[in-house]
**Q** 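Before I ask anything, let me first share the structure, which is written out below as structure tokens.
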Amino acid sequence: MYWLPVLGLAVGIGLGLVTNVVIPVAFTSYLSIAILAALDTVVGGIRASLDKTFDSAVFLSGFFTNTLVAALLAYIGNQLGVDLYLAAVVAFGVRLFQNIAVIRRHVFTLIRQRRVARRMASTKDGA
Amino acid sequence: MNAQGRVIASLTVVAVALGYMLTVSYRQNHAAAALGVLASGSSAVNRQLAERLNELKQSNQKAQQQLASLTQEIAQYEQISAGSTDSVQALQQRMAGERVLAGLTPVHGPGIQVTLNDGSVGGSDVEQILAHDWTLRNLVNELFTAGAEAVAINDYRVLATSSIECQGPVVSVNGHRLGAPFTVVAIGDPAVLSSALEIQGGILDAMRQEGLQVSTPEVENDIHIPAYTNSLQG
């Protein structure tokens, strides 16, 4: 079951390689911002699932709206002559790091719990 | 569907989209980098453009050096193959003369050097005291009229086909943008050239009248003038 997202990633990469979609050069930077937003949402989703606060509706809508809003923000910034994409980069970048830190902590806790459980089991066997 | 299943299902959906976006963006950036066009404005693009400019400049320099060495080689071969018959020798001599006029070979010899600079501000009209393209053009024409064999402005060879044009705040010589001060060197009979320029009421007097800073023509025994490096067509 856990390998399904990885498989999905591979399928997505394959789709991208096969379909040969070309985005107008002017929109390349928006795509980069959108990818950053998407990455942030994915990491946020993983964190939420570890926190047991995961909501698939929030996650899915967040993924697509965040992506679009980030690209839109960058576009508006370009039109206004303000580097608004920096706001997206900073916001998503900071959150990305925070979420990764939280995930790391969760993983450590999980590993420790498992170790404790194993020790408990072994002492039970020994006794 | 249980909670775990939901997490995995939505993560999978999102992973497909993310993978797709990543690939498209990656391909896009790759293709754009290959073409040398990226959305302008990002620092990566600017860096890339600066790198390309540097590369071009370097290859340009290399090509110019190569050109110079090749011309020299050609000249050597011609000397080696200098014919025994008088007619061939005469032809070759004539060709050497034409080469100097066409600017294909670097030349050196006695000549004069004049430096032109913008005048100091103080008058009413700044336009008046700037060294303009026509100032340089008049000077070069005067030098050629006086019998100069080769003329260069700031080390750029000036030929019959050269252009000396106004380009806003700078003067373009053969397409190279130059700013004041302009050092004009000419190879020829130094006495004739300097007296042609310094004649009473002559061209240098007229320039000084306008307010330009013009040095007196300095006679030099051995002036080196590089070959013309632009393409000869046009």
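Atoms considered below: every heavy atom in the structure, side chains included; atoms not considered: hydrogens, waters and symmetry mates. Residue numbering restarts at 1 for every chain, and letters A, B, ... go by the order of the sequence lines.
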**Q** Does any backbone or side-chain atom of Ala57(A) lie under 4.5 Å from a heavy atom of chain B? Answer side chain, backbone, both or neither.
**A**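 For Ala57(A), there is no contact with chain B at all, as no heavy atom is under 4.5 Å.
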**Q** Got more than 12 heavy atoms from elsewhere within 6.0 Å of CZ, Phe144(B)?
**A**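 Enclosed: over 12 neighbouring heavy atoms sit under 6.0 Å from CZ of Phe144(B).
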**Q** Tell me, side chain or backbone of Val14(B) under 4.5 Å from chain A's heavy atoms, or both, or neither?
**A**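 Both backbone and side chain.
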**Q** Which distance, rounded to the nearest 0.5 Å, do you find between the OG1 of Thr12(B) and the CG of Leu4(A)?
**A**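 With rounding to 0.5 Å, OG1 (Thr12(B)) is 4.5 Å from CG (Leu4(A)).
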**Q** Quick one: OG1 on Thr23(B) to CG on Leu9(A), what's the gap to the nearest 0.5 Å?
**A**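 Going from OG1 on Thr23(B) over to CG on Leu9(A), the span is 8.0 Å.
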**Q** How far apart are the closest heavy atoms of Met21(B) and Thr67(A), and which atoms are they?
**A**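 Smallest heavy-atom distance, with atoms named: CE-CG2, 3.5 Å.
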**Q** Can you tell me if Gln79(A) has over 12 outside heavy atoms packed within less than 6.0 Å of its CD?
**A**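 Correct, the count exceeds 12.
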**Q** Counting heavy atoms not belonging to Arg208(B), are there more than 12 under 6.0 Å from its CZ?
**A**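 Yes, the 6.0 Å shell around CZ holds more than 12 heavy atoms from other groups.
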**Q** I'd like to know whether CG of Asp51(A) has more than 12 heavy-atom contacts from other residues, nucleotides or ligands below 6.0 angstrom.
**A**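 Yes, CG of Asp51(A) has more than 12 neighbouring heavy atoms, counting only those of other groups under 6.0 Å.
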**Q** Can you say whether Ser10(B) sits under 4.5 Å from chain A via the side chain, the backbone, both, or neither, judging by heavy atoms?
**A**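 Ser10(B) touches chain A through backbone and side-chain heavy atoms alike.
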**Q** Test Tyr20(B) against Thr19(A) for side chain to side chain contact (heavy atoms under 4.5 Å, CB included), laying out the working first.
**A** CA-CA 10 Å; Tyr20(B) 183 69; Thr19(A) 49; 3.5 Å; yes
**Q** Of the options Pro5(A), Ser49(A), Ser56(A), which is the one that meets Leu11(B) in a side chain to side chain contact (heavy atoms under 4.5 Å, CB included)?
**A**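 Testing each of Pro5(A), Ser49(A), Ser56(A) against Leu11(B), the sole residue satisfying side chain to side chain contact (heavy atoms under 4.5 Å, CB included) is Pro5(A).
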**Q** With a cut-off of 6.0 Å (strictly less than), are more than 12 heavy atoms of other residues, nucleotides or ligands near CD of Gln167(B)?
**A**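 Yes - once you tally the heavy atoms of other residues, nucleotides and ligands closer than 6.0 Å, there are more than 12.
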**Q** Heavy atoms only, distances under 4.5 angstrom: which of Ile35(A), Leu31(A), Leu15(A) has the most pairs with chain B? Name it, please.
**A**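 Of the options given, most contacts go to Ile35(A).
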**Q** Name the option with the most non-hydrogen atom pairs under 4.5 Å to chain B; the candidates are Val11(A), Val6(A), Leu17(A).
**A**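 So the answer, after comparing Val11(A), Val6(A), Leu17(A), is Leu17(A).
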**Q** Less than 4.5 Å to any heavy atom of chain B: does that hold for the side chain of Leu7(A), its backbone, both, or neither?
**A**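 Neither part.
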**Q** Please say whether more than 12 non-hydrogen atoms of neighbouring residues, nucleotides or ligands are located less than 6.0 Å from NE2 in His224(B).
**A**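 Enclosed.
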**Q** Counting only non-hydrogen atoms closer than 4.5 Å, does Thr41(A) touch chain B with its backbone (N, CA, C, O), its side chain (CB onward), both, or neither?
**A**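 Neither; nothing under 4.5 Å.
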**Q** Flag yes if more than 12 heavy atoms outside Gln209(B) fall under 6.0 Å of its CD atom; otherwise flag no.
**A**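 For Gln209(B), atom CD is not crowded (no more than 12 foreign heavy atoms under 6.0 Å).
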**Q** Under the side chain to side chain contact (heavy atoms under 4.5 Å, CB included) rule, what do Ile13(A) and Leu22(B) come out as? Steps first, then yes or no, please.
**A** CA-CA 7 Å; Ile13(A) 289 173; Leu22(B) 278 174; 5.5 Å; no
